[in-house]
Amino acid sequence: MLATSHGRLQARPRGCDASVCVGTACFYVSIGGDGPPTVAAPLREVQELTAQRVPRATARSTPSAHKEEIAAAFDEMAELLAIRGENPFRVRAYQRAAQVIRGLTRPLAEFRGTKELDALPGIGADLAAKIDELLHTRRLAALERLRRQVPAGLRELLNLPGLGPVRVRALNRKLHVRGIEDLRRAVATGRLARTSGFGPALQGRLERALAAGTAAPKRWLWSAAAESAEPLRSFLQSLNGIAEVEVAGSYRRGRDTVGDLDLVVCGRPDVDLAAALRRYGDLQSLVAAGPTRCTVLLRNGMQADLRLVGRRSLGSALTYFTGSRDHNIRLRRRAQERGLKLNEYGLFRGHRRIAGATEKEVYRALGLPWIPPELREDRGEIEAAERRSLPKLIELGDLCGDLHAHTDASDGNEPLARMIEAARGRGLGFLAITDHSRYLGIVRGLDAGRLARQIDAIDALNATLREFVVLKGVEVDILEDGRLALPLAILRRLDVVVAAVHSHFTLPETRQTERILRALEHPCVSILAHPTGRLIGERAAYAADFGRIIAAARARPCYLELNAQPSRLDMDDVMCKSAREHRVLVSIASDAHAGSQLANVVHGIRQARRGWLTAADVVNARPLREVRALLARTRL
DNA sequence: GCCGTTTTCGGCCCGACTGTTTTCAGTCG
């Protein structure tokens with residue numbers, strides 16, 4: 001997968017070596033195979049990848065690698081069972097288990113036996129045993145049996161529009177379709193047209209999807225989705241009869257990538273959404289249109305689902321379309337338990353609507369405080385709400401400064417003075433200049449001599465500044481063996497040392513982990529930058545034991561960065577939450593290479609909120625005096 | 001396959017839209 005300049009994630013050319021899993025979204029993998037990319041690597045392929053990289057004898061899997069491997073296996077189980085026509089609730093149980101596993105902030109290896117696994121929500125004795133089997137053997141007999149029964153190519157068909165498990169099974173049974181090429185032939189030879197259940201409309205849809213190329217869900221970086229969402233919102237807002245427009249869905253939950261846009265349009269019931277949308281300049285086609293619901297395709301290929309609701313339903317509609325699906329299911333079950341019914345139109349007792357106009361009203365009627373959208377993933381937020389212990393999530397205004405920025409002394413685009421001006425313009429009280437060290441070949445990194453001159457220049461500058469301080473820093477490379485790329489003497493002169501991995505991403509897991517742990521032992525390191533090295537949709541996190549890294553950061557102490565570049569957002573939400581649970585402070589850093597990029601922190605704030613972080617969990621959400629004290633604690 | 005303060009069996013969230021059904025199944029969110 002590659003992130004294009006528009007942020008749209010596309011199939012990566014052959015030879016790409018990574019499975020890319022972002023939050024709960026699993027992107028294509030092309031792991032040496034010749035076939036078309038598939039969603040969520042089959043376990044077999046993950047095993048092959050792991051085997052290439054980690055010699056069996058020394059393999060010590062990361063919690064995250066284990067988690068993703070197991071979650072992917074359960075996702076595959078779910079799809080194969082669905083195609084076989086098994087009980088949909090059984091299918092759902094596997095999907096839910098995969099979600100639960102992805103959201104775990106504790107390494108699976110810490111769970112002692114199946115009893116503890118069994119205690120996880122949605123995991124019973126059977127799934128606990130399967131997790132255990134995967135943990136110990138990295139295989140799953142039940143999955144291997146299923147694979148022998150269901151042709152591998154059928155899973156990919158599920159990604160085509162209009163094809164669900166029932167029709168895929170019908171294609172296989174009636175036309176002996178075993179994969180996408182078989183389907184293409186069935187369409188071309190007219191066999192599909194003669195098959196009952198596949199009328200001209202459905203066939204046309206399939207033909208268009210097949211012509212468009214790969215059958216796979218696409219996801220956009222949140223920042224790219226915003227470029228489509230905000231103009232569409234403004235357009236709708238300007239229409240007659242429309243009171244309010246909200247972008248809901250994963251966009252509102254602030255996920256780092258977004259699959260499509262969900263818009264809740266509050267207006268008069270006689271508003272003709274479809275007619276209005278036909279006049280929208282960015283429209284490619286109208287996919288479906290009813291009186292209350294429309295699906296459109298935008299010119300860039302992004303899909304938007306719109307729902308027209310009345311004012312009395314705005315809150316319940318917003319809750320419903322914000323999701324996540326698992327969060328909604330929990331809310332609806334909660335309503336059921338109280339003899340109520342929750343749908344997008346409101347919360348009902350019998351036919352009487354008892355809530356619905358605002359989200360707060362709906363949650364209150366369910367006995368809960370309002371839950372911020374970023375937390376609605378069924379990762380403990382409902383339990384926390386019940387206990388009245390939801391975190392007070394950090395906000396943009398809480399940030400007092402930024403601890404990671406570059407100037408044109410290394411690979412930045414603007415001189416120090418411009419960066420300071422931009423930081424002051426944003427109301428910040430301090431900015432750490434952390435240009436690259438020299439080791440990195442692709443940038444004009446600083447050696448000890450140039451860094452010494454920058455330190456002197458910053459000292460002189462600070463003497464002239466009022467109510468603003470430039471912190472002296474560096475983004476120093478962690479060498480392959482865990483040493484840092486600059487000598488101790490120069491690092492001692494700095495206020496903040498941000499250490500980062502920029503090379504040797506494919507070291508075996510144990511070596512990568514030891515490398516980073518060694519770097520964290522350095523007496524000057526304050527912050528580990530972009531801790532997993534991922535580039536969303538392009539490069540997976542490197543193999544490392546992040547549980548050990550978090551524990552080391554806690555013990556030392558030093559801090560972990562949440563890099564706010566929209567294509568990094570590294571750490572992800574689950575790792576942020578894990579850092580918080582281990583009481584490791586986080587630096588939300590713009591990693592700006594120009595003054596305007598200091599605004600990156602809005603993406604970091606979104607991710608931090610998804611990771612349950614409060615202002616107290618964030619280093620740079622404190623005044624400079626406290627930040628200095630915290631940085632001093634990292635000096636050994 | 002999970003789950004339970006009515007339940008260890010029988011439930012499992014709910015509704016819109018499409019297409020080809022001739023009264024509703026399948027898909028999607």
Side-chain angles (χ1 to χ4, degrees), chain A residues 74 77-78 81-100 117-131 142 146 157-171 193-206 209 217 248-253 258-264 273-274 286-296 303-309 313 316-348 366 378:
Chain A
F74 284 178
M77 285 288 297
L81 289 169
I83 292 170
R84 276 179 57 87
E86 300 281 346
N87 177 356
F89 295 103
R90 188 174 169 218
V91 172
R92 177 83 193 109
Y94 279 98
Q95 291 170 339
R96 161 106 171 105
Q99 288 293 94
V100 167
L117 290 167
D118 198 345
L120 288 169
I123 309 286
D126 182 275
L127 287 176
K130 287 192 167 73
I131 294 171
L146 267 177
L157 296 182
L158 291 174
N159 296 321
L160 288 167
L163 286 193
V166 175
R167 289 180 181 146
V168 166
R169 195 166 64 253
L171 285 173
R194 295 191 296 273
T195 308
S196 71
F198 293 86
L202 182 55
Q203 168 149 347
R205 240 176 126 190
L206 289 174
S250 52
Y251 182 86
R252 182 161 179 249
R253 299 202 310 280
V258 172
D260 62 8
L261 299 175
D262 297 289
L263 288 99
V264 176
L273 268 187
L286 207 56
V287 178
T292 65
R293 182 174 168 172
C294 266
T295 299
V296 299
Q303 183 173 302
D305 297 316
L306 300 94
R307 270 305 267 277
L308 182 65
V309 301
S313 299
S316 46
L318 206 47
T319 303
Y320 178 62
F321 289 105
T322 296
S324 64
R325 180 166 72 152
D326 288 329
H327 181 87
N328 282 348
I329 288 174
R330 291 288 303 275
L331 289 186
R332 291 191 156 174
R333 202 171 290 160
R334 199 177 169 85
Q336 274 189 335
E337 287 162 8
R338 288 163 171 70
L340 307 171
K341 187 170 79 166
L342 178 62
N343 58 29
E344 53 265 58
Y345 300 108
L347 182 63
F348 296 88
L366 292 172
D378 192 18

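Below, each value reflects all heavy atoms present in this structure, side chains not excepted, and no hydrogens, waters or symmetry copies. Naming convention: chains lettered A, B, ... in sequence-line order (proteins, then strands); numbering from 1 in each chain.
Within the 4.0 Å cut-off from OP1 or OP2 of B:dG15, at least one side-chain nitrogen or oxygen of A:N343 is found. When the side-chain nitrogen and oxygen atoms of A:Q203 are compared with OP1 and OP2 of B:dG19, none of them lie within a distance under 4.0 Å. Taking side-chain N and O atoms only, A:Y345 has a distance below 4.0 Å to OP1 or OP2 of B:dA16. A close approach under 4.0 Å does occur between a side-chain nitrogen or oxygen of A:R333 and OP1 or OP2 of B:dC13. OP1 and OP2 of B:dG29 both lie 4.0 Å or more from every side-chain N or O belonging to A:S250. Side-chain nitrogen and oxygen atoms of A:Q336 include at least one within less than 4.0 Å of the OP1 or OP2 phosphate oxygen of B:dC14. Considering only side-chain N and O atoms, A:R332 lies nowhere under 4.0 angstrom from the phosphate OP1 or OP2 of B:dC13.
Across all non-hydrogen atoms, the minimal contact from A:A78 to A:Y94 is CB-CB, 3.9 Å. Across every non-hydrogen atom of A:R92 and A:I329, the tightest pair is NH2-CD1, 3.6 Å. For A:L163 against A:L157, the heavy-atom pair with the smallest separation is CB-O, 3.5 Å. Taking every heavy atom of both residues into account, A:R96 and A:D326 meet most closely at CD-OD1, 4.4 Å.
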If you restrict it to nitrogen or oxygen atoms, what contacts under 3.5 Å exist between nucleotides 5-8 of chain B and the protein, and what is each distance?
none

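The nearest whole Å value for the distance from the CZ atom in A:R307 to the P atom in B:dG15 is 11 Å.
Shown here are the ring pair (Phe, Tyr, Trp, His ring centres under 6.0 Å) partners of A:Y320, two or more places apart in sequence or in another chain: there are none.
Taking atom C1' in both B:dG11 and B:dA16, the straight-line distance is 25 Å, to the nearest Å. For the P atom pair drawn from B:dC17 and B:dT22, the interatomic distance equals 23 Å after rounding to whole Å.
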